[in-house]
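Report on one structure; see the data block that follows.
Chain naming here is simple, since letters A, B, ... match the order of the sequence lines and numbering starts at 1 in each. Both backbone and side-chain heavy atoms feed into the values below; hydrogens, waters and symmetry mates do not.
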There are 2 protein chains.
Amino acid sequence: MARIKDVAAQAGVSVATVSRVLNDNPAVTEETRQRVYAAMAALNYVPNAVARSLRTEATRTLGLIIGDILNPFFTELARAVEDEARAAGYTVVIGNADERADRQDHYVRALLEQRVDGLLVCPTAEVTPLVEEVVRGGRPLVFLDRVLPGLDVPSVRADGTEAIRELAGHLRDLGHRRVAFISGPGTLSTGRERTTAFLAAADEAGLAVPPEYVRVGDFRTGSGQALTAALLDLPEPPEVIFLGDNLMALGALDEIRERGLRIPDDIGIVSFDDVPWFGHISPPITAISQPTAELGRRAVRVLLDMLAGRRAESVVLPAHLIVRSSCGESGEGGECVARGATGEAAERGQAGTGGRERRGRRTAALAGEEGKVTA
Amino acid sequence: MARIKDVAAQAGVSVATVSRVLNDNPAVTEETRQRVYAAMAALNYVPNAVARSLRTEATRTLGLIIGDILNPFFTELARAVEDEARAAGYTVVIGNADERADRQDHYVRALLEQRVDGLLVCPTAEVTPLVEEVVRGGRPLVFLDRVLPGLDVPSVRADGTEAIRELAGHLRDLGHRRVAFISGPGTLSTGRERTTAFLAAADEAGLAVPPEYVRVGDFRTGSGQALTAALLDLPEPPEVIFLGDNLMALGALDEIRERGLRIPDDIGIVSFDDVPWFGHISPPITAISQPTAELGRRAVRVLLDMLAGRRAESVVLPAHLIVRSSCGESGEGGECVARGATGEAAERGQAGTGGRERRGRRTAALAGEEGKVTA
DNA sequence: GTCCTCCATGTAATCGATTTCACGAGGGTA
DNA sequence: TACCCTCGTGAAATCGATTACATGGAGGAC
């Protein structure tokens, strides 16, 4: 493979001049520049980023560690991160932690060895020694989606509190009184928050939530199915089950289908986390949608701020209730689509889902102040 | 950040010795080794992979360029590639071409600059000059899922011919006579192959396929919906629509739901590409499943073969028909599950889908000879 | 004509590892 | 005692770029 030295020889200049051409240094005459370009083309020269990085101490690469690459939420997040980073001239290396602390650490270490310029991490439950060391070492780091307690690290995440409150009101307005919640692990910040928010919202809306209506899952399909089964087997089963994430909702659908129950007539379903196909099936699933792509983009910007030595501020964006038909909503009518085709669905590059989605009042109103900044 | 020189000073040895410890060179006494380890721990030393790569001319990194990161097929592929590569001590850098030739080239170039040891590419339609140059330059390259004509590059892909033939027989046995196909772009090898296979299989099964029953989509949701609409509007609409990939199936579901039609009573649906949720909705969608994870693993092994200087052979794996209930199949009974819980579904880390899936006879028989090797 | 300035270009040090070769201590053999 | 091997370790070259500093020629001011 041709090196800068070969290009220099071919063009009859020094390596310094070739380097200047590579870096768009204006102190090169147009004529020399052209000669160098010609030499590069003739030799199929591809600059060696490894050598450049060694010298410049910068790789123009960001590391992203996600929870589970098979979860569509993280996929969408990764895509947005990649888009935003590429626009800024950065490459992204993705690590899939598979929700395991040891895998997470494996990637943190590998990415540090590769000398990525900064790290975006969706942390697993634990504060591992390696992560602590990264923080202590002052390396640019941003938490995404989830946060770890006790560490002074900027974070970018969604807050579902308001959307969950709205959901509780929505269910009450539909006449439901018995609503159950299958939450995520208490070890994840997202799991804890959603549970707290649900209990408060249910209380406020006057919904009864006996202890047996709150179950703890693990954000995976199997627990969604098993816990749904347990709820359906109760002497007084709930009218609606609220699943703490999209994978557990998958499991719930499975259990409901296997029992031959109909949605929403026999049992209502809501999912935290909206995924593309929720709007395409029959009936479409009512869900709380996180501004996933925006989270990814914001996280990159926060990290780039840190890299530029600017002050990095944590970001919290509101989640939104997307009303569809899985809780007994009437098919049509009602106040329609606040941001319709320009909203999340369009962001995902899909055709609209037929205009039947409604965003509730509260969140629609909030849309204007999306992205309030916190300390 | 501590360098090898600092570790050497701290341990009272030379940099050469530290390097030997890093590389598990046996010519170091146990006592020295321990001193070096202690020094590394004291300084929080993280070896600099950039410097190492410059010297060794190897990055232990593979590049993977996928068609569309929002398509679950590619997500699963990426995951499998990553798993297999990590097991072999390699890191994977993923590039999302978004089905655009310019994006593909952007990543090919970026990955070459990063000096990845090898490339796995799911090529877009065109043979770009850059790709040609990579081939001519003899850099390790493997095509995955799709192939480009006229280039002598090993490939790893699935062949749906047999599964499509089986599907045609299955539909005929269910009493269907009018089956339509929405294919992928003729510019992609996967699009062409599926169309050819469908026409041959329909003919063999005695299904009538008038020209207006074959439509050309673009592997995206919108075209699936629009072309489904066109088929449903025909004077004599088909009884079953076979979608060429999972995203177009999403669009078809959308159109069917909007029209208030029922599956399978009003219209039957089959999808090429099985995705996790097809088995979890009502009714579960009959689909042709590719051995996605195995494709990814095989591709890595072929690439590693090339890196090791071994002869690299292309691999073709058969796709399988997964019979569910979206074409009017009777709910239960029939010969059941050939590989059930140990098959693809389990591979994806999901709970089984209730044991209602059936694999047809032909593919079940083929399972034994999966992975025949071609030149 | 001399001197100074400016500017395009070249020379060489540098980044942090790996690796070749040399060296010296210790032990075995003659 | 002299010689040779073995073995652990160190000194220094090297990978391919960037960049501070040096250089030399053209052109303007006096």
Which whole-number value in Å describes the distance from [X] [atom1] to [N] [atom2]?
X: B/R33; N: D/dT9; atom1: CZ; atom2: P; result: 9 Å
X: B/R52; N: D/dA17; atom1: CZ; atom2: P; result: 21 Å
X: A/K5; N: D/dA17; atom1: NZ; atom2: P; result: 10 Å

Can you name the residues that form a side chain to side chain contact (heavy atoms under 4.5 Å, CB included) with [X], not counting sequence neighbours?
X: A/R60; result: A/Y90, A/D117
X: B/V302; result: B/V142, B/P154, B/V156, B/A312, B/V315
X: B/A158; result: B/Q290, B/P291, B/L295
X: B/S53; result: A/V50, B/T59

So, [X] side chain and [Y] main chain: donor-acceptor pair closer than 3.5 Å or not?
X: A/T56; Y: A/R52; value: yes
X: A/N71; Y: A/F73; value: yes
X: A/S19; Y: A/V15; value: no

Residues of [range] with any non-hydrogen atom less than 4.0 angstrom from an atom of DNA chain C: list those, numerically ordered, please.
range: residues 7-30 of chain B; answer: B/A16, B/S19, B/R20, B/L22, B/N23
range: residues 105-118 of chain B; answer: none
range: residues 55-62 of chain B; answer: B/R55, B/T56

The residue, B/V50 or A/E31, whose nearest nucleotide of DNA chain C is more 5′ is A/E31

Do any pairs count as a side chain to side chain donor-acceptor pair (under 3.5 Å) and have a residue in residues 94-113 of chain B, sequence neighbours left out, and if so which ones?
A/R79-B/D98, A/E82-B/Y107, A/R86-B/Y107, B/E99-B/R146, B/R100-B/D102, B/Q104-B/T124, B/D105-B/T128

At a heavy-atom distance below 4.0 Å, which nucleotide of DNA chain C is the first touched by chain A, and which is the last?
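Under 4.0 Å from chain A, the extent on DNA chain C is C/dA8 to C/dG16.
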
Mind checking A/S53 for me? I need base, sugar-phosphate or nothing, with any heavy atom below 4.0 Å counting as a touch.
nothing

What protein N or O atoms touch nucleotides 23-27 of chain D N or O atoms at under 3.5 angstrom, if any, and at what distances?
none

Please give me the minimum heavy-atom distance between A/V36 and A/A11, naming the atom from each residue.
CA-CB, 4.1 Å

Tightest non-hydrogen contact, residues B/E126 and B/L148, listed as O-CD1, 3.7 Å

5'-most contact on DNA chain D: B/L54 or B/T32, nearest heavy atom basis?
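With B/L54 and B/T32 compared, the 5'-side residue is B/T32.
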
Measuring from [X]:[atom1] to [Y]:[atom2], what's the distance to the nearest 0.5 Å?
X: A/T75; Y: B/F74; atom1: OG1; atom2: CZ; value: 13.5 Å
X: B/N48; Y: B/M1; atom1: CG; atom2: CE; value: 8.0 Å
X: B/L111; Y: B/L120; atom1: CG; atom2: CG; value: 10.5 Å

Are the charged groups of B/R35 and B/E31 less than 4.0 angstrom apart, N to O?
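Salt bridge flag = yes for B/E31 with B/R35.
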
Within a strict 4.5 Å, meaning less than it, do heavy atoms of the [X] and [Y] side chains meet?
X: B/M40; Y: B/L22; answer: yes
X: B/L77; Y: B/L144; answer: yes
X: B/L141; Y: B/V121; answer: yes

Which pairs of donor and acceptor atoms, one on a side chain in residues 303-310 of chain B, lie under 3.5 Å apart (sequence neighbours left out)?
residue, atom, partner, partner atom, Å
B/D305, OD1, B/R310, NE, 2.9
B/D305, OD1, B/R310, NH2, 2.8

With each end axis built from five pairs of C1' atoms, what bend angle do you get for the helix from C/dG1-D/dC30 to C/dA30-D/dT1? Round to 10°.
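Computed angle between terminal axes is 60°.
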
